[in-house]
Amino acid sequence: MKINISGHHVDVTDSIKEHLEEKFAKISTHFPTLISLDVIISKEHDEFNVEISTNYEGTSIAVKGNNAVMYPAISNAAKKLDTVLKHRKGQLKADLHEKPELIEPESDDEIEEEETNLN
């Protein structure tokens, strides 16, 4: 999985890249069709904001996490992304199952007609 990292008012160091790759290693094994993640780390008003966006099975997914410290903000966004991806995967699996057909109960008139035809 490819991780595109950009920083706004934040220097993206090698340790940040390693931390991101470590956090998203589990997600890439659980969701092998996930091709890339776009991660934007920004700092505004002494708070770090982490935005993650991706496409999964034809749906655009975006999550945000924030905290006063950068690494918990990344963890917060990673947890949200994992939750959203699990939800989407569940929706896709639910669509694969056959839905039972709804059969309306017969009305009294139809029952009487069948009884007269049988006699």
Side-chain angles (χ1 to χ4, degrees):
M1 175 174 60
K2 182 167 174 42
I3 302 173
N4 301 319
I5 306 166
S6 63
H8 295 254
H9 306 290
V10 175
D11 291 331
V12 179
T13 62
D14 290 336
S15 64
I16 293 172
K17 290 178 185 178
E18 289 174 14
H19 183 72
L20 283 168
E21 289 173 5
E22 182 182 307
K23 281 291 178 186
F24 297 120
K26 180 180 122 182
I27 291 176
S28 66
T29 58
H30 286 214
F31 305 98
T33 58
L34 199 60
I35 297 170
S36 68
L37 293 175
D38 297 321
V39 181
I40 301 172
I41 302 171
S42 61
K43 184 174 182 181
E44 296 177 8
H45 307 293
D46 296 328
E47 186 170 75
F48 288 95
N49 298 313
V50 178
E51 299 176 29
I52 304 170
S53 60
T54 186
N55 287 322
Y56 178 67
E57 299 292 335
T59 304
S60 178
I61 295 174
V63 294
K64 293 181 182 180
N66 54 5
N67 199 319
V69 183
M70 184 188 317
Y71 291 102
I74 293 170
S75 297
N76 187 2
K79 287 178 188 175
K80 287 181 181 181
L81 179 66
D82 190 40
T83 304
V84 170
L85 289 172
K86 284 180 184 175
H87 180 73
R88 179 66 184 149
K89 190 174 187 179
Q91 285 179 333
L92 292 172
K93 281 189 174 183
D95 287 343
L96 294 177
H97 299 292
E98 289 185 28
K99 306 289 189 281
E101 292 183 24
L102 295 177
I103 301 173
E104 294 185 21
E106 296 180 1
S107 64
D108 292 335
D109 295 334
E110 291 175 1
I111 294 171
E112 289 176 7
E113 283 181 23
E114 287 179 12
E115 288 177 356
T116 55
N117 289 342
L118 291 176
N119 294 335

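Checked against side-chain hydrogen bond (donor to acceptor under 3.5 Å, both in side chains), T29 has no partners two or more places apart in sequence or in another chain. Checked against side chain to side chain contact (heavy atoms under 4.5 Å, CB included), E57 has the following partners two or more places apart in sequence or in another chain: T33, L92. When the side chain to side chain contact (heavy atoms under 4.5 Å, CB included) test is applied to N67, the partners found at least two apart in sequence or on another chain are P72, A73. Qualifying ring pair (Phe, Tyr, Trp, His ring centres under 6.0 Å) partners for F31, counting only residues two or more places apart in sequence or in other chains: Y56. Every side-chain hydrogen bond (donor to acceptor under 3.5 Å, both in side chains) that H87 has, sequence neighbours left out, goes to Q91.
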Show me the side-chain donor-acceptor pairs of residues 34-52 shorter than 3.5 Å, one per line, residues at least two apart or across chains.
unit_1 : atom_1 : unit_2 : atom_2 : d
D38    : OD1    : N4     : ND2    : 2.8

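Evaluation of the side chain to side chain donor-acceptor pair (under 3.5 Å) test over residues 73-82, restricted to residues two or more places apart or in two chains, returns K23-S75, D82-K86. Counting only residues at least two apart or on different chains, the ring-ring contact (aromatic ring centres under 6.0 Å, His included) pairs with a member in residues 7-27 are H19-Y71.
Across all their heavy atoms, A77 and G65 have their closest contact at CB-N, 3.9 Å. Nearest approach of M70 to V10, heavy atoms of both residues: CE-CG1, 3.7 Å.
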